[in-house]
Amino acid sequence: MEIGIQKSDKEGFNATIVGGGNSNFIAPCVYYSEINLMQDHVKMEDQGNKSKASANVAPQRGLLIFLCVPVSPGKSRLIYTYPRHFGVWIDQIVPRWMMHIGPNLTLDSDLYLLHIEERKLMDSGPRNWQKACFVPTKSDAQVVAFRKWLNKYSNGQINWGDKYPKTLPPSPPKEQLMDRYWSHVVNCSSCSAAYKGLNALEVVLQLVSIVSLGIVAATKHGVLSATARTSLVSMALLCFAASKWLSNFIFKNFHFHDYNHALR
């Protein structure tokens with residue numbers, strides 16, 4: 001991906017992407033990228049006994065907007081949205097919490113890498129960021145532009161004044177750093193409702209499993225047929241397996257999903 005910086009000043013910078021699209025950084029905390037997709041609409045025009053195809057090219061536009069606000073050394077609040085005027089019907093069918101699973105995976109993965117990189121930058125010094133970062137490609141142009149902007153207009157770092165110490169806080173355990181429940185779920189109405197509903201479903205599945213086995217154990221031989229007993233035991237096992245799978249699903253998507261990063 002080829003990205004070129006068109007303009008850079010104290011207000012931020014503008015970048016263009018070869019093939020369509022542009023991005024803008026509005027100092028100090030707003031970044032947005034415009035995505036343009038082209039779609040061909042073919043319309044058949046009848047002319048007597050002949051049909052003529054005419055193609056009208058209609059652009060599909062979308063924005064990816066990030067508001068990243070530093071709140072203390074080593075911590076930022078990220079708010080993002082993806083407004084668009086195509087494919088909006090998906091939002092009416094797919095629950096919002098399911099749409100959050102994919103982006104959360106990406107954000108959590110980036111979070112850990114950025115956490116490590118921030119400490120490397122601190123060790124090398126904000127103005128010597130090139131020693132900690134290797135950005136050789138044209139797709140890294142915006143990273144370079146941001147570091148240059150930060151060096152020129154903010155001395156390479158955020159001025160916290162006397163409110164916070166100059167050093168970064170100790171690095172927490174990975175499970176705490178990437179805990180999704182407190183960073184997202186409790187603040188998202190859709191994910192919070194899904195979390196409560198899925199936990200309730202897990203309990204129901206466990207109860208069904210226990211009750212089914214209890215019926216089989218408490219019922220005298222001959223009252224239930226062999227087929228009925230087999231069905232109840234099978235249902236108990238399936239419900240138990242489903243509850244275990246659901247428990248793992250809830251933990252990975254609403255609490256903590258580990259990653260094997262190539263950090264060496």
Side-chain angles (χ1 to χ4, degrees), residues 3-17 22-34 63-83 100 103-188 256 259 261 263:
I3 300 177
I5 305 300
Q6 303 302 311
K7 172 188 157 185
S8 180
D9 55 31
K10 68 177 181 178
E11 303 297 331
F13 60 79
N14 303 329
T16 58
I17 302 173
N22 59 80
S23 301
N24 295 271
F25 166 61
I26 303 175
C29 302
V30 179
Y31 172 84
Y32 70 90
S33 181
E34 182 178 358
L63 289 175
L64 184 60
I65 305 173
F66 285 89
L67 292 87
C68 189
V69 184
V71 295
S72 66
K75 295 183 179 180
S76 296
R77 178 178 292 111
L78 173 64
I79 303 171
Y80 76 94
T81 184
Y82 178 43
H100 288 181
N104 282 341
L105 287 173
T106 303
L107 291 173
D108 282 356
S109 179
D110 288 348
L111 168 67
Y112 190 70
L113 293 173
L114 291 173
H115 179 80
I116 299 299
E117 192 66 28
E118 185 177 29
R119 277 148 176 75
K120 292 183 178 180
L121 286 172
M122 183 64 70
D123 292 339
S124 61
R127 288 191 169 275
N128 298 318
W129 63 272
Q130 298 96 330
K131 295 181 180 180
C133 301
F134 181 56
V135 283
T137 70
K138 292 183 179 180
S139 60
D140 298 315
Q142 293 181 92
V143 177
V144 176
F146 175 74
R147 299 307 311 187
K148 288 182 177 179
W149 178 90
L150 196 63
N151 283 344
K152 184 174 182 179
Y153 299 105
S154 189
N155 196 29
Q157 58 190 336
I158 297 172
N159 182 13
W160 297 107
D162 297 328
K163 187 175 181 181
Y164 297 104
K166 304 301 181 182
T167 59
L168 291 171
S171 183
K174 198 174 183 181
E175 292 78 5
Q176 180 182 342
L177 175 67
M178 299 172 61
D179 180 80
R180 190 178 298 167
Y181 181 80
W182 292 108
S183 65
H184 175 76
V185 176
V186 295
N187 301 307
C188 174
F256 171 69
Y259 296 86
H261 292 97
L263 296 178

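As the structure is a computational prediction, the values presented were derived from the model and not from experiment. Computed over heavy atoms, backbone and side chain alike; hydrogens, waters and symmetry mates excluded.
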Side-chain touch Arg77/Asn187, heavy atoms, less than 4.5 angstrom: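 Not in contact.
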Close side-chain approach of Val135 and Gln130, heavy atoms under 4.5 Å: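 They are not in side-chain contact.
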Which pair of non-hydrogen atoms, one from [X] and one from [Y], has the smallest distance, and what is that distance?
X	Y	value
Ile5	Ser8	CG2-CB, 4.5 Å
Tyr82	Leu63	CD1-O, 2.9 Å
Ile17	Ser33	CD1-OG, 4.5 Å
Ser23	Gln142	CB-OE1, 3.1 Å
Lys10	Ala27	O-CB, 3.7 Å
Tyr112	Leu177	CD1-CD2, 3.5 Å

Can you name the side-chain contact (heavy atoms from CB on, under 4.5 Å) partners of [X], sequence neighbours left out?
X	value
Ser154	Leu150
Asp9	Lys7, Glu11, Tyr153
Thr81	Ile65, Pro83

Full working for side-chain contact (heavy atoms from CB on, under 4.5 Å) between Cys188 and His100: CA-CA 10 Å; Cys188 174; His100 288 181; 3.5 Å; yes
Mind checking the [atom1]-[atom2] spacing from [X] to [Y]? Nearest 0.5 Å is all I need.
X	Y	atom1	atom2	answer
Leu114	Leu107	CG	CG	10.0 Å
Asn14	Asn24	CG	CG	4.0 Å
Phe256	Asp108	CZ	CG	9.0 Å
Leu78	Ser183	CG	OG	10.0 Å
Leu111	Thr106	CG	OG1	12.0 Å
Leu121	Cys133	CG	SG	4.5 Å

Main-chain N/O of [Y] paired with [X] side-chain donor or acceptor, under 3.5 Å:
X	Y	value
Arg180	Val185	no
Asp140	Thr137	yes
Asn159	Gly161	yes

Ring pair (Phe, Tyr, Trp, His ring centres under 6.0 Å) pairs, two or more places apart, involving residues 158-182: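 Listed by first then second residue: Trp160-Tyr164, Tyr181-Tyr195, Tyr181-His255.
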Ring pair (Phe, Tyr, Trp, His ring centres under 6.0 Å) pairs, two or more places apart, involving residues 120-147: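 Qualifying pairs: Phe25-Phe146.
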side-chain contact (heavy atoms from CB on, under 4.5 Å) assessment of Lys138 paired with Ile3: CA-CA 6 Å; Lys138 292 183 179 180; Ile3 300 177; 5.8 Å; no
Step-by-step side-chain contact (heavy atoms from CB on, under 4.5 Å) determination, Cys29 to Leu67: CA-CA 6 Å; Cys29 302; Leu67 292 87; 5.8 Å; no
Given His115, Arg119, Lys75, the one that forms side chain to side chain contact (heavy atoms under 4.5 Å, CB included) with Leu168: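 Among His115, Arg119, Lys75, the one that satisfies the side chain to side chain contact (heavy atoms under 4.5 Å, CB included) with Leu168 is Arg119.
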Plane angle bin for Tyr31 and Phe66 - parallel if under 30°, tilted between 30 and 60°, otherwise perpendicular: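 If you compare the ring of Phe66 with that of Tyr31, the planes turn out tilted.
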With Ser72 via side-chain hydrogen bond (donor to acceptor under 3.5 Å, both in side chains) - residues at least two apart: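 Testing Ser72 for side-chain hydrogen bond (donor to acceptor under 3.5 Å, both in side chains), a comparison that skips the adjacent residues, returns none.
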